[in-house]
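As a basis for the values below, the full set of heavy atoms in this structure was taken, side chains included, without hydrogen atoms, waters or symmetry mates. Numbers here are sequence positions counted from 1.
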Amino acid sequence: MDINRYTPSYGVRHNHLINTYDLSAEEIFEFLYATKIMKAKFAAHEDTRILKGVTVALLFEDTSLRTRSALEIGIRQLGGTCVNLPYSEDDMRAGENVKDLVSVISRYGVGAIVTRGIPEAELLEFCAYPEISIINSNNEHGMPMQTVCDLFTIWEKFGKLEGLKLAYVGRANNNVNSLIDGAVKCGMNVAVATPAQYKIDDELLDDSRQYGKFLVTDNPVEAVRGADIVYTDGYNYHTPLTDKERQILLPYQVNNSLMSVAAHNAQFMHSLPANRGTEVTAEIIDGKNSLVLEQATNRLHTIKSILTLLIK
């Protein structure tokens, strides 16, 4: 489906955003068009206090810097209030009841809970109660907010999505799961190259296969050849790489040699944090064809569009 032939209604049927697998192409387009509006209003210094009187709670099990910053700033720009809720698995095991928690904090004026690092099975418990929108920023299965941000960045740069080739190289992770699903639904050609030791979870991609074909290989040159966008991600966000891991992943480094087989003027993407000299060289990530800073900037506007469409 061509996003440029789609007429947005600026509404989605879901209350929650747990993963891209739950979204149709049309719903992804709704988020992208809303992001476009939010970014234009931000540039024009227009009032966007749509969530005045609404509190958004952040329930983070995992550490974060850019995501938390973008959320807190975005919520304030929407006129809402942000509060950090302590999260502990010990609390949940000690008998904290999800239904009671959601019911109580909804009476405090909380309109949404944005989570990070909360297991999918537990998130689905939260979603059983419609009082509050549940938004997953990052868990073991995916990063749907990042995918919406990335697709918007590509659309903004190229003026289209359908027909573009996106190549992901490196270590498979939750980010690539969502990215493949979202890109295929938007009509993009997708190729993924990972070493056999760090391949994608095949079962998680069953939904994506309903919408189109994508290449999965262990050959980075095969994946990147002719690509309009080359994407990689960090390898050692929490745990340093061993020497053995470095050797396995070295052929997947995005450098001048690998980029030379991509399409002319191909763009580079990375969700950050990045390790220059590991998954990507400095001349690529800091070069003129890098969209990394645009991605980071667009995260703010994506977050605002998601909150605006989901909070009823």
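- With sequence neighbours excluded, no residue forms a salt bridge (Lys or Arg N to Asp or Glu O under 4.0 Å) with E30.
- Among residues two or more places apart in sequence or in another chain, the ring pair (Phe, Tyr, Trp, His ring centres under 6.0 Å) test is passed with Y6 by F29.
- For D206, the salt bridge (Lys or Arg N to Asp or Glu O under 4.0 Å) test picks out R209, with sequence neighbours left out.
- Without hydrogens or angle criteria, N275 side chain to T278 main chain gives no donor-acceptor distance under 3.5 Å.
- In the displayed structure, R49 atom CZ is contacted under 6.0 Å by at most 12 heavy atoms of other residues, nucleotides or ligands.
- The environment of L293 atom CG is sparse: at most 12 non-hydrogen atoms of other residues, nucleotides or ligands sit within 6.0 angstrom.
- For the pair N256 and S260, the minimum side-chain heavy-atom distance is 4.5 Å or more.
- One finds the NE2 atom of H141 at 10.5 Å from the OG atom of S178 (value rounded to the nearest 0.5 Å).
- Inspection of the D181 and S208 side chains reveals an N or O donor paired with an N or O acceptor under 3.5 Å.
- For the atom pair L215 CG and I180 CD1, the distance stands at 10.0 Å (nearest 0.5 Å).
- Not one N or O on the side chain of K165 forms a donor-acceptor pair closer than 3.5 Å with the backbone of A263.
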* Please step through side chain to side chain contact (heavy atoms under 4.5 Å, CB included) for the pair L71 and M145, ending with a clear verdict. => CA-CA 11 Å; L71 277 162; M145 290 173 61; 4.3 Å; yes
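- Residue pairs meeting the side-chain hydrogen bond (donor to acceptor under 3.5 Å, both in side chains) criterion with at least one member in residues 301-310, sequence neighbours excluded: T35-S305, Q77-K304.
- Between A223 and T217, the closest heavy-atom pair is CB-CG2, 4.1 Å.
- Under the rule for a side-chain contact (heavy atoms from CB on, under 4.5 Å), the partners of D150 that lie at least two apart in sequence or sit in another chain are Q146, N175, L179, Y231, M269, Q295.
- Rounding to the nearest 0.5 angstrom, the gap separating the CD1 atom in I135 from the SG atom in C127 is 10.0 Å.
- Checking side-chain atoms of H16 against main-chain N and O of S133 turns up no donor-acceptor pair under 3.5 Å.
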* Are I154 and M188 close enough, and set up right, to give a side chain to side chain contact (heavy atoms under 4.5 Å, CB included), and what steps lead you there? -> CA-CA 11 Å; I154 295 168; M188 299 182 71; 4.0 Å; yes
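- Atom CE of residue M1 and atom OG of residue S24 lie 7.5 Å apart, to the nearest 0.5 angstrom.
- Sorted by first and then second residue, the salt bridge (Lys or Arg N to Asp or Glu O under 4.0 Å) pairs with a member in residues 10-27 read R13-E27; sequence neighbours excluded.
- Here E245 pairs with R171 in a salt bridge; the nearest charged N to carboxylate O distance falls below 4.0 Å.
- When the salt bridge (Lys or Arg N to Asp or Glu O under 4.0 Å) test is applied to K99, no partner is found at least two apart in sequence or on another chain.
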* side chain to side chain contact (heavy atoms under 4.5 Å, CB included) between K185 and I28, worked out -> CA-CA 9 Å; K185 285 176 177 176; I28 294 174; 4.1 Å; yes
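- To the nearest 0.5 Å, atoms CD (E122) and CG (L59) are separated by 8.0 Å.
- No donor-acceptor distance shorter than 3.5 angstrom exists from the side chain of T81 to the backbone of T55, with no hydrogens or angles considered.
- Contact annotation: the side chain of L78 approaches that of M38 to within less than 4.5 Å [non-hydrogen atoms, C-beta and beyond].
- Taking CD1 from I18 and CZ from F126, the interatomic distance works out to 10.0 Å, rounded to the nearest 0.5 Å.
- Under the 4.5 Å side-chain heavy-atom criterion for ILVMFWY residues, no single connected hydrophobic cluster contains both M143 and F31.
- Taking each heavy atom of G234 and N173 in turn, the nearest pair found is O-ND2, 4.4 Å.
- In this structure a side-chain-to-backbone donor-acceptor pair under 3.5 Å is present from Q253 to G277.
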Under 3.5 Å, which donor-acceptor pairs link side chains of residues 108-118 to any protein atom two or more places apart or in another chain?
unit_1, atom_1, unit_2, atom_2, d
R116, NE, T63, O, 2.8
R116, NH2, T63, O, 3.3

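- Taking each heavy atom of V184 and G212 in turn, the nearest pair found is CG1-N, 3.5 Å.
- Note on Y21: it does not cluster hydrophobically with L310, by side-chain heavy-atom contacts below 4.5 Å among ILVMFWY residues.
- Residues forming a side-chain contact (heavy atoms from CB on, under 4.5 Å) with V54 (at least two apart in sequence, or on another chain): L51, I311.
- Remark: E156 pairs with K39, F152, N298 by the side-chain contact (heavy atoms from CB on, under 4.5 Å) rule, at least two apart or across chains.
- A side-chain donor-acceptor contact under 3.5 Å links N289 and N265.
- Within a 6.0 Å radius of CD in E46, more than 12 heavy atoms belonging to other residues, nucleotides or ligands are found.
- Looking at L17 and I306, their side chains come closer than 4.5 Å, going by heavy atoms from C-beta outward.
- Y33 is linked by a ring pair (Phe, Tyr, Trp, His ring centres under 6.0 Å) to W155, counting only residues two or more places apart in sequence or in another chain.
- Cluster membership check: V280 shares its hydrophobic cluster with M259, using side-chain heavy-atom separations under 4.5 Å among Ile, Leu, Val, Met, Phe, Trp and Tyr.
- Formation of a donor-acceptor pair under 3.5 Å by the E72 side chain with backbone atoms of S69 is not found in this model.
- Across all their heavy atoms, A262 and A266 have their closest contact at CB-CB, 3.6 Å.
- Considering all non-hydrogen atoms of both residues, T194 and G170 come closest at CG2-O, 3.1 Å.
- Across N139, N138, D233, a single residue satisfies side-chain hydrogen bond (donor to acceptor under 3.5 Å, both in side chains) together with N174, and that is N138.
- Listed for the T67 side chain is no donor-acceptor partner under 3.5 Å among the backbone atoms of S64.
- Taking both residues in full, the closest heavy atoms of P195 and I248 are given as CB-CG2, 3.7 Å, listed atom of the first, atom of the second, then distance.
- Counting only residues at least two apart or on different chains, the salt bridge (Lys or Arg N to Asp or Glu O under 4.0 Å) pairs with a member in residues 280-297 are R276-D286.
- Remark: the backbone N or O of D100 is not paired with any side-chain donor or acceptor of S103 at under 3.5 angstrom.
- Taken together through direct or relayed side-chain contacts under 4.5 Å among Ile, Leu, Val, Met, Phe, Trp and Tyr, L291 and V190 form part of one hydrophobic cluster.
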* Stepwise side chain to side chain contact (heavy atoms under 4.5 Å, CB included) test for T232 and Y252 -> CA-CA 9 Å; T232 193; Y252 299 85; over 6 Å; no
